[in-house]
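FYI, side chains are in, hydrogens and waters are out, and symmetry mates aren't considered; it's all heavy atoms of this structure. Ligands are counted one by one from 1 in listed order, and the atoms in each one are counted from 1 as well. Because the structure is predicted, anything quoted here is derived from the model rather than measured.
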Amino acid sequence: AGHVRFEDLRFGYEPGQPILKGISLDVAAGQTLAVVGPSGAGKSTLARLMYRFYDPDGGRITIDGQDIAEVTQGSLRAAIGIVPQDTVLFNDTIGYNIAYGREGASEAEIEAAARGAAIAGFIERQPDGYATRVGERGLKLSGGEKQRVAIARTLLKDPPILILDEATSALDSRTEADILETLRGVEQGRTTIVIAHRLSTIVHADQIVVLEGGRVAERGTHAELLRRG
Ligand code: ADP
Ligand code: ADP
């Protein structure tokens with residue numbers, strides 16, 4: 001499961017001001033698509049349409065052949081995990097933030113998610129059952145730690161489709177490299193759409209598209225795009 005298609009997708013926030021001008025993409029289940037391009041090209045807009053923060057003006061998005069306009073919000077959310085650029089956390093424990101929205105999750109599941117996101121090291125079991133670094137609350141975490149909490153949250157949800165919307169763009173390059181390594185593991189077996197602006201962060205993608213002015217300007221593998229300059 002997790003075959004994603006964008007079919008001639010068109011969208012604008014304001015009438016007469018198209019942002020996406022007919023985007024067609026096909027991502028096989030389990031593959032990684034990278035979307036790069038200059039700021040303002042419409043990359044995040046593409047992600048917002050996938051999650052149905054907005055609906056398209058034309059064309060459609062399908063998951064396993066089904067138009068996402070026809071699936072319930074609940075099953076769409078279950079199918080897609082998003083790691084945004086800046087994760088906003090509640091001023092509560094790390095465990096609370098990981099489990100938010102998944103109140104039925106067990107302690108073992110939360111710990112497994114934390115391990116997958118490589119934050120298990122600073123989590124301790126508390127008498128009240130919440131996993132947390134002692135005294136540490138969401139707001140105190142570094143940018144990289146916040147992203148790891150978002151990754152853990154996604155692992156707990158275990159969606160077939162993962163969207164990384166500039167998930168490491170706000171981090172320094174050392175932290176970015178560490179988190180990219182963690183993300184490689186999280187991407188395994190999931191259809192992944194990586195939105196980025198640095199080509200170096202998406203070398204592993206099966207398919208790269210360059211979005212410019214709301215259109216696909218280039219597509220190919222990393223090697224193909226480098227060859228073409
Ligand atoms: P990218 O992610 O490639 O930087 P975006 O998808 O964020 O691009 O934005 C594409 C265009 O849509 C930009 O011109 C941006 O100003 C505009 N835009 C983004 N969000 C909104 C919004 N909520 N309302 C109106 N215009 C928006
Ligand atoms: P759940 O996974 O419990 O269904 P939500 O549907 O509220 O949670 O959010 C799913 C993911 O989308 C979360 O990781 C959240 O950070 C992200 N998200 C929510 N709103 C936005 C937004 N406006 N822009 C980018 N990402 C968002």
Side-chain angles (χ1 to χ4, degrees), residues 4-27 31-63 67-69 73 76-77 79-88 143-144 146-147 150-151 153-154 159 161-173 175-176 179-180 183 186-187 190-222 224-226 228-229:
V4 177
R5 277 176 66 93
F6 297 80
E7 300 174 4
D8 195 28
L9 201 64
R10 294 165 189 275
F11 174 75
Y13 294 96
E14 307 288 342
Q17 288 174 24
I19 301 294
L20 301 179
K21 302 172 184 168
I23 304 286
S24 295
L25 297 167
D26 194 306
V27 198
Q31 291 224 309
T32 297
L33 165 76
V35 182
V36 297
S39 177
K43 303 184 297 294
S44 291
T45 301
L46 210 55
R48 289 179 201 131
L49 290 177
M50 269 211 77
Y51 215 58
R52 290 199 66 200
F53 291 132
Y54 300 93
D55 286 319
D57 300 324
R60 59 179 202 153
I61 301 172
T62 64
I63 297 176
D67 190 334
I68 63 168
Q73 196 64 260
L76 189 64
R77 283 170 178 233
I80 302 175
I82 301 181
V83 182
Q85 177 168 356
D86 296 298
T87 299
V88 180
K146 284 184 181 168
Q147 292 311 81
I151 291 166
R153 191 183 278 171
T154 293
I161 299 166
L162 182 64
I163 299 176
L164 308 175
D165 186 1
E166 303 275 12
T168 60
S169 299
L171 305 173
D172 63 81
S173 58
T175 308
E176 175 175 52
I179 292 190
L180 285 174
L183 282 170
V186 177
E187 289 172 24
R190 297 178 214 276
T191 307
T192 305
I193 297 177
V194 188
I195 295 169
H197 54 262
R198 280 189 290 262
L199 263 179
S200 59
T201 62
I202 44 131
V203 286
H204 67 296
D206 300 297
Q207 185 186 176
I208 298 173
V209 303
V210 182
L211 215 61
E212 267 174 35
R215 292 180 205 281
V216 174
E218 295 255 26
R219 67 174 86 207
T221 62
H222 189 247
E224 284 165 357
L225 292 183
L226 281 181
R228 273 180 243 152

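- The closest side-chain donor-acceptor pair between Asp165 and Ser44 falls under 3.5 angstrom.
- Among protein residues, Tyr13, Ile19, Pro38, Ser39, Gly40, Ala41, Gly42, Lys43, Ser44, Thr45, Arg48, Tyr54 come within 4.0 Å of ligand 1, judged on heavy atoms.
- Residues Thr192 and Glu187 bring no donor and acceptor atom of their side chains to less than 3.5 Å of each other.
- For the side chain to side chain contact (heavy atoms under 4.5 Å, CB included) criterion with Leu33, the lone passing option out of Asp206, Val4, Val27 is Val27.
- Remark: Arg5 engages Asp26 in a salt bridge, criterion side-chain N to carboxylate O under 4.0 Å.
- Residues Ile161 and Ile63 have side chains in contact (heavy-atom distance under 4.5 Å, counting atoms from C-beta outward).
- By the side-chain contact (heavy atoms from CB on, under 4.5 Å) test, Ile19 pairs with Tyr13, Thr45, sequence neighbours left out.
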